[in-house]
Amino acid sequence: MKTRQKGYFGKYGGQFVPETIMPALEELEITFNKYKNDKSFKAELDLLLKTYVGRPTPLYFAKRLTEHYRKAKIFLKREDLCHTGAHKINNCIGQALLAKKLGKKRIIAETGAGQHGLATATVCALFGLECEIYMGAVDIKRQELNVFKMQLLGAQVIPVKSGSRTLKDATSEAIRDWITNIKTTHYIIGSTVGPHPYPAIVSYFQSVIGDELKKQLKKDPDYIVACVGGGSNSMGIFYPYLNFENTRLIGVEAGGVSLKNGHHAATLTLGKPGVLHGSYSYLLQDKNGIIKEAHSISAGLDYPGVGPQHAYLKDKNIVQYKNISDKEALQAFNFLSKMEGIIPALESSHAVAYLKYLMPKTKKNEVVVVNLSGRGDKDINTVKSSGLNSNS
Amino acid sequence: MNKNPLLIPYITAGFPAKKLFLPILKTLSENSADFIEVGMPHSDPLADGHVIQHSSKVALENGVTLKWIIDTSRDLHLREIKPLILFSYLNPVLQYGFEKLLKDLPKPLFYGLIIPDLPLEEAEKYLPLFKKHKLHLIPLVAPTTNKEKIKKIVRAYCNISLSDGFIYLVSAIGVTGARQYFSKDLKNKIKEIKSYTTKPVVVGFGISNLKQAKEVISYGADGIVIGSALIKILMETKNNKAILKLKKFIRSFKNK
């Protein structure tokens, strides 16, 4: 993606943070640029991705799903089969290796669904790093299983009780911790958000998804569908295809209860550009610049911001952004479970749900790839209490 | 040592109640404040600790906006109120309109702005607007800011700014809120900044009592900002007694 000015994607991105952490961002950028093309760094990363994460993840031909729609062939990129159950670990391994190079022994992270927190706790156990995870009190409740797992791995989970008590506030609190412990601590941001160089770093480590896909498919896919919260799994799979005119890229945001009543997380669809968590991008905000609370049944998409690259890709019309409601996501959760024997994360269920709109428009000789970013074990309680689990 | 250091109290506008905004400004002005930092509350105050997070939340619930701050302070005069410095995170400023805000802020009542999430790298393009509208953008220097960056900051902000102005030095690594003690590096940092500029160096973040204020002044600072400690006084006091308590508190710094 073209960057005219350092850390910018068009007019989006930047480094809107207190001066205290500016030197750490510069140090991180220098370290990242030094090692991203370093042979031994890459070899270490690749070996861990292969032997620890389980990459490459399979590209699975979803036969029954394809037969159901009787249109294009549907493939699932199985990020749910990564160690820890989602794509988040791709970035965590990379950033933990960077933290080692930076000489930082303490790691902090924010988490919504708990998948990024879990992946961070996992790599901290792997590398023997101290680990503290900030998580909204609401999310701690709805993602109980992941909280227990993080604690089991030796991480401390810190409940965040301010604001909406979800991902936005967990991120704010993690940034405050970083400001306070800047000399000893590396902050592993889990999505393509935050100040430069984070969006670039997270995209880089997640682009392994798209790079693998290119090798796994004989011809380029006609469509790639991925869910978008902050935007890491979608950036990961879209990245190598951004300049491909024949591959249509579709990002699916959380439509929540309803776009009309404000209970949603459709940032790109209904937001306005502004600054949150260090970068300029689309945001859900009021006319005075106060950030609104997002809503999604999936904790990982429940965020009023989005990565700056997505803002740029929307404006340039390179990616189409759609949205799926809570209800449709729940239906897709059930549908994929019964059709393919794969229980998807509620986040990924948004991408799966979009198939019902996309498939009728496709042709038989075309190929659709859905990025199945995570598995749904963590969401069982949410789905159970939604009361929608029996219909499919 | 500066014998006449600047005393700069910080308040969150509209906290604890909108109707106390003007009485608070008057009380501080009449009781030895030299400037007053007026905080625009924000939903995500990244540089602030629990106390100012709380006051921001309450002030937002009270309906405080930039427009309200401007409208409410429009009829004030420097005869009764000390010069004000607007403290706001960037997003409310952007949504109001950056230049429109600089234009609309009553002058000379408003002396300048502090935007904690607008570091030099991002601020440069806005600097000419400050000169145009006769307002200062007060630069923040952090304990982590190295020599080269301090030089850059001093150069960039001094070039645009009017004859006076000051540098805001963050006392220690971290967010706003009370601290037990200050690191020895603070003294060196003040010295370092002063070797590049003749502008006053004002120290903020974490100063909560006279002893600490004296300590910081003895390090060579030209002034201090009192924020969270003052907000805490307002938090712990019933509205009708707030002004009295505030008066007592700010006067305790008179022997600065």
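Chain A is the first sequence line, chain B the second, and so forth, proteins listed ahead of strands; every chain is numbered from 1. Small disclaimer: the values here were computed from a predicted structure and weren't measured.
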Shortest non-hydrogen contact from [X] toward [Y]:
| X | Y | answer |
| --- | --- | --- |
| A:V17 | B:P119 | O-CD, 3.4 Å |
| A:T180 | B:V175 | OG1-N, 3.9 Å |
| A:G274 | B:Q95 | CA-NE2, 3.6 Å |
| B:H42 | A:I290 | ND1-CD1, 3.7 Å |
| A:H277 | B:D44 | NE2-OD2, 4.3 Å |
| A:K183 | B:T144 | CE-CG2, 4.4 Å |

>> Side chains of B:E121 and A:H196, heavy atoms from C-beta outward: is any pair under 4.5 Å?
In response: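 With C-beta onward as the side chain, the pair stays apart.
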> Taking C-beta and beyond as the side chain, do A:E173 and B:Q53 meet within less than 4.5 Å on heavy atoms?
Replying inline: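 They are in side-chain contact.
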Got a second to check how far [X]'s [atom1] is from [Y]'s [atom2], nearest 0.5 Å?
| X | Y | atom1 | atom2 | value |
| --- | --- | --- | --- | --- |
| A:L276 | B:S43 | CG | OG | 7.5 Å |
| A:R176 | B:T176 | CZ | OG1 | 8.5 Å |
| A:T20 | B:F205 | OG1 | CZ | 6.5 Å |

Toward chain A, the part of [X] with a non-hydrogen atom under 4.5 Å:
| X | value |
| --- | --- |
| B:H50 | side chain |
| B:T145 | both |
| B:L60 | side chain |
| B:P139 | neither |

Heavy atoms from other residues, nucleotides or ligands near [atom1] of [X] exceed 12 (cutoff 6.0 Å):
| X | atom1 | answer |
| --- | --- | --- |
| A:K101 | NZ | yes |
| A:K36 | NZ | yes |
| B:K187 | NZ | no |
| A:E26 | CD | no |
| A:K104 | NZ | yes |
| B:K152 | NZ | no |

>> If we define contacts as heavy-atom pairs under 4.5 Å, which of B:D48, B:I153, B:D117 has the most with chain A?
In response: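 Looking at each of B:D48, B:I153, B:D117 in turn, B:D117 comes out on top.
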> For B:V141, does its backbone N or O pair with a side-chain atom of A:E19 as donor and acceptor, under 3.5 Å?
Replying inline: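 Here the side-chain-to-backbone pair does not exist.
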> Just one of B:L90, B:L94, B:L46 clears the side-chain contact (heavy atoms from CB on, under 4.5 Å) bar with A:F16, so which one?
Replying inline: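 Exactly one candidate clears the test, B:L90.
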Part of [X] lying under 4.5 Å from any heavy atom of chain B:
| X | result |
| --- | --- |
| A:P273 | backbone |
| A:K292 | neither |
| A:P23 | side chain |
| A:S162 | side chain |
| A:I175 | side chain |

> So B:K67 and A:K287, side-chain contact (heavy atoms from CB on, under 4.5 Å) or not? Walk me through it.
Replying inline: CA-CA 11 Å; B:K67 187 175 179 299; A:K287 65 177 191 326; over 6 Å; no
> Run the side-chain contact (heavy atoms from CB on, under 4.5 Å) check on A:Q285 and B:N91 step by step: do they pass?
Replying inline: CA-CA 10 Å; A:Q285 56 179 326; B:N91 200 47; 2.8 Å; yes
